[in-house]
Amino acid sequence: MSLSTDCENAILEYAPLIRQVNASFLGEHVGYISHVLLMLRERYYELEEAGETEWSIPDALRQELDADKPY
């Protein structure tokens, strides 16, 4: 898989599409969804800039996302 595909899959793991739609239309869990999108996209750009080809999420970020998950 590619870095972008792996990033997209990670986003969907933490913020499934239905949750993203609900956040957009209804404001449901919008803070968490926005946080997931921002943090994982930022991680993608860090890895891309470093020339990495394999997706990874640091343990600290994974723990933060798991701890804050409202659903």
Side-chain angles (χ1 to χ4, degrees):
M1 289 196 166
S2 70
L3 190 61
S4 63
T5 300
D6 290 343
C7 177
E8 183 178 333
N9 288 336
I11 288 171
L12 292 173
E13 175 186 340
Y14 285 98
L17 191 54
I18 189 64
R19 301 288 188 181
Q20 293 179 45
V21 169
N22 287 346
S24 177
F25 288 122
L26 305 173
E28 189 175 86
H29 308 302
V30 70
Y32 178 76
I33 299 297
S34 297
H35 184 67
V36 167
L37 294 173
L38 290 172
M39 297 306 292
L40 294 181
R41 285 179 179 171
E42 183 177 299
R43 179 64 179 158
Y44 170 83
Y45 291 119
E46 287 173 2
L47 292 171
E48 184 180 53
E49 188 174 295
E52 296 289 335
T53 58
E54 189 172 318
W55 173 255
S56 65
I57 302 174
D59 288 338
L61 177 55
R62 187 174 296 279
Q63 290 171 359
E64 178 184 333
L65 295 176
D66 287 339
D68 292 344
K69 197 172 190 177
Y71 42 81

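This chain uses plain numbering: 1 for the first residue, then up along the sequence.
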Trainee: With the 4.5 Å side-chain cut-off for hydrophobic clustering, are V30 and L26 part of the same group?
Mentor: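 No, V30 and L26 fall in different hydrophobic clusters.
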Trainee: Does a side-chain heavy-atom distance below 4.5 Å link R62 with Y14?
Mentor: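 They are in contact (side-chain heavy atoms under 4.5 Å apart), so the answer is yes.
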Trainee: What salt bridge (charged side-chain N to carboxylate O under 4.0 Å, His left out) pairs are there with at least one residue in residues 36-48, not counting sequence neighbours?
Mentor: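 Only R43-E46 qualify under salt bridge (charged side-chain N to carboxylate O under 4.0 Å, His left out).
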Trainee: Answer yes or no: is there a side-chain heavy-atom contact under 4.5 Å between L3 and L47?
Mentor: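 Sidechains of L47 and L3: in contact.
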Trainee: Does L12 reach the side chain of P16, with side-chain heavy atoms less than 4.5 Å apart?
Mentor: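 They are not in side-chain contact.
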Trainee: Please round to the nearest 0.5 Å and tell me the distance separating atom CG of D6 and atom CD1 of I11.
Mentor: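 If we round to the nearest 0.5 Å, D6:CG and I11:CD1 are 11.5 Å apart.
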Trainee: Do S24 side-chain atoms and Q20 backbone N/O form a donor-acceptor pair below 3.5 Å?
Mentor: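 Not at all, since once roles are kept as given, no pair shorter than 3.5 Å links the two residues.
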Trainee: Would you say E28's side chain and R19's backbone share a donor-acceptor pair under 3.5 angstrom?
Mentor: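 Checking the backbone N and O of R19 against the side chain of E28, no donor-acceptor pair under 3.5 Å is found.
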Trainee: Is any side-chain heavy atom of V36 less than 4.5 Å from a side-chain heavy atom of D68?
Mentor: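 No. Closest side-chain heavy atoms not under 4.5 Å.
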Trainee: Is any side-chain heavy atom of L65 closer than 4.5 Å to one of L40?
Mentor: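 Yes - at least one pair of side-chain heavy atoms lies under 4.5 Å apart.
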Trainee: Please collect all ring pair (Phe, Tyr, Trp, His ring centres under 6.0 Å) contacts where either partner lies in residues 33-71, sequence neighbours excluded, each pair once.
Mentor: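 Only H29-Y71, Y32-Y71 qualify under ring pair (Phe, Tyr, Trp, His ring centres under 6.0 Å).
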Trainee: Should we count CG of D66 as having more than 12 external heavy atoms under 6.0 Å?
Mentor: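 Count over threshold, so yes.
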